[in-house]
Amino acid sequence: MTATTNTNVPLTASPRQETRWWRRPWIVPLMLVVAAFLAFSVPPYLTFDPAYSRLTPPEGNDLYYPLLVAHVLFGTVAMSTACFQVWPAFRARHRTGHRITGRIYVYAGALPAGLLGLYIGWHTSAGPSVLVANLVGSALWVVITVAGLRMARLRRYDEHRRWMSRSFALAMSIALSRVITIPAVIVLTPQVDIAFGGNEELMRNTATSIGVWLSPLLLLLLTDWLLERRKPRVRRASPR
């Protein structure tokens with residue numbers, strides 16, 4: 001889109017050339033990673049049998065497992081639709097589809113998954129650090145998503161894109177946290193006796209804590225770096 005300028009307005013950079021396919025090679029790997037993560041994580045919860053749950057329900061809490069299943073299913077919707085929201089070609093060529101998947105992401109994905117995440121996080125058995133990380137991550141996801149939705153309703157679309165990019169980063173943080181936890185366990189295992197008094201459960205909880213704290217932090221930092229990097233450069237007119 002071109003802009004009309006005059007001598008009193010800063011001159012903007014020339015329009016970008018059409019993006020070549022190889023400039024956005026990340027969308028297919030992203031979709032494959034999301035598909036692989038969901039294929040591994042979701043099936044146990046489709047049985048609706050607590051015996052197959054990857055998280056042990058608290059004893060005597062009959063509400064936890066149904067809400068956990070709902071959280072997983074809403075999260076699945078969020079991760080799936082997020083891929084289409086950040087796909088530049090889909091956003092540019094299918095505006096109606098972008099709006100529809102955006103509404104699905106917000107109302108049938110991020111918001112319910114984030115709100116349920118507060119309950120699930122509060123009842124974690126992985127220790128206080130993981131509990132706080134889950135609560136902070138879920139609250140941030142909800143707040144940032146609402147901010148992005150508000151910007152869209154105000155027709156401030158550039159700010160909308162920035163806030164929703166952060167929301168998508170938080171949606172993907174669950175997958176990255178699992179990846180980070182694996183090397184954390186490998187590094188910490190030799191220190192079980194020295195640092196953890198032989199308590200393997202404490203070691204694993206610590207590794208999990210590293211994953212759930214680092215993953216959203218790294219993805220938010222990466223997202224904001226990319227957003228700043230892609231800002232159109234402004235060239236000001238030289239003084240006469």
Give the other cluster members for [X], using side-chain heavy-atom distances under 4.5 Å between Ile, Leu, Val, Met, Phe, Trp and Tyr residues; answer none if it is isolated.
| X | result |
| --- | --- |
| Ile186 | Ile182 |
| Val187 | none |
| Ile104 | Val77, Ile100 |

Any chance you could measure [X], atom [atom1], to [Y], atom [atom2], to the nearest 0.5 Å?
| X | Y | atom1 | atom2 | result |
| --- | --- | --- | --- | --- |
| Arg156 | Arg161 | CZ | CZ | 15.0 Å |
| Trp122 | Leu118 | CH2 | CG | 11.0 Å |
| Leu222 | Leu217 | CG | CG | 11.0 Å |
| Arg166 | Leu220 | CZ | CG | 8.0 Å |
| Thr81 | Phe168 | OG1 | CZ | 7.5 Å |
| Ser80 | Met31 | OG | CE | 9.5 Å |

Would you say the side chain of [Y] lies within less than 4.5 Å of the side chain of [X], judging by non-hydrogen atoms?
| X | Y | result |
| --- | --- | --- |
| Tyr65 | Leu55 | no |
| Ser53 | Leu68 | yes |
| Met79 | Ile174 | yes |
| Arg162 | Thr223 | no |
| Tyr45 | Arg54 | yes |
| Val146 | Leu111 | yes |
| Ile180 | Leu218 | yes |
| Val106 | Met164 | yes |

Around atom CG of Asp62, are there more than 12 heavy atoms of other residues, nucleotides or ligands at under 6.0 Å?
no

Above 12 or not: heavy atoms from other molecules or residues under 6.0 Å from CD of Glu159?
yes

When you look at Leu202 and Val192, which way does the side chain to side chain contact (heavy atoms under 4.5 Å, CB included) test go after all the steps?
CA-CA 9 Å; Leu202 178 59; Val192 170; over 6 Å; no

With Thr124, which of Asn134, Val132, Leu135 fulfils side-chain contact (heavy atoms from CB on, under 4.5 Å)?
Asn134

Within 45 degrees of the axis of the six-membered ring of Phe40 and under 6.0 Å from its centre: does Arg178 put its NZ or CZ there?
no

Give the intermediate values and the outcome of side chain to side chain contact (heavy atoms under 4.5 Å, CB included) for residues Ile210 and Leu188.
CA-CA 11 Å; Ile210 292 171; Leu188 294 178; 4.1 Å; yes

How close do [X] and [Y] get, counting heavy atoms only, and between which atoms?
| X | Y | value |
| --- | --- | --- |
| Ala78 | Trp141 | CB-CZ2, 3.8 Å |
| Trp163 | Ala147 | CD2-CB, 3.9 Å |
| Pro50 | Pro57 | CB-CG, 4.4 Å |
| Val185 | Thr189 | O-OG1, 2.5 Å |
| Leu170 | Pro216 | CD2-CB, 3.7 Å |
| Trp213 | Ser129 | NE1-OG, 3.1 Å |

Does the pair Thr206 and Met203 meet the rule for a side chain to side chain contact (heavy atoms under 4.5 Å, CB included), with working shown?
CA-CA 5 Å; Thr206 302; Met203 181 275 292; 5.7 Å; no

Suppose we screen for side-chain contact (heavy atoms from CB on, under 4.5 Å). Which residues come up paired with Leu116, at least two apart in sequence or across chains?
Leu67, Ala70, His71, Phe74

For Ala152, give me all partners under side-chain contact (heavy atoms from CB on, under 4.5 Å), at least two apart in sequence or on another chain.
His160

Do you reckon Met172 sits in the same ILVMFWY cluster as Val143, going by side-chain contacts under 4.5 Å, direct or chained?
no

Between Val33 and Val72, is there shared hydrophobic-cluster membership here, with clusters defined by ILVMFWY side-chain heavy atoms closer than 4.5 Å?
no

Can you check whether [Y]'s main-chain N or O pairs, donor with acceptor, with [X]'s side chain at less than 3.5 Å?
| X | Y | answer |
| --- | --- | --- |
| Asp49 | Tyr52 | no |
| Thr181 | Ser177 | yes |
| Ser215 | Ser173 | yes |

For Leu227 and Ser165, what are the C-alpha separation, side-chain angles and deciding distance, and is it a side chain to side chain contact (heavy atoms under 4.5 Å, CB included)?
CA-CA 9 Å; Leu227 289 171; Ser165 295; 4.1 Å; yes

Step-by-step side chain to side chain donor-acceptor pair (under 3.5 Å) determination, Thr145 to Ser167:
CA-CA 6 Å; Thr145 302; Ser167 176; 2.7 Å; yes

Sequence neighbours left out, what passes side-chain hydrogen bond (donor to acceptor under 3.5 Å, both in side chains) with Arg153? Give chain and number order.
Tyr107

Measure centre to centre between the rings of Tyr105 and Phe84, then say whether the value is under 6.0 Å.
no

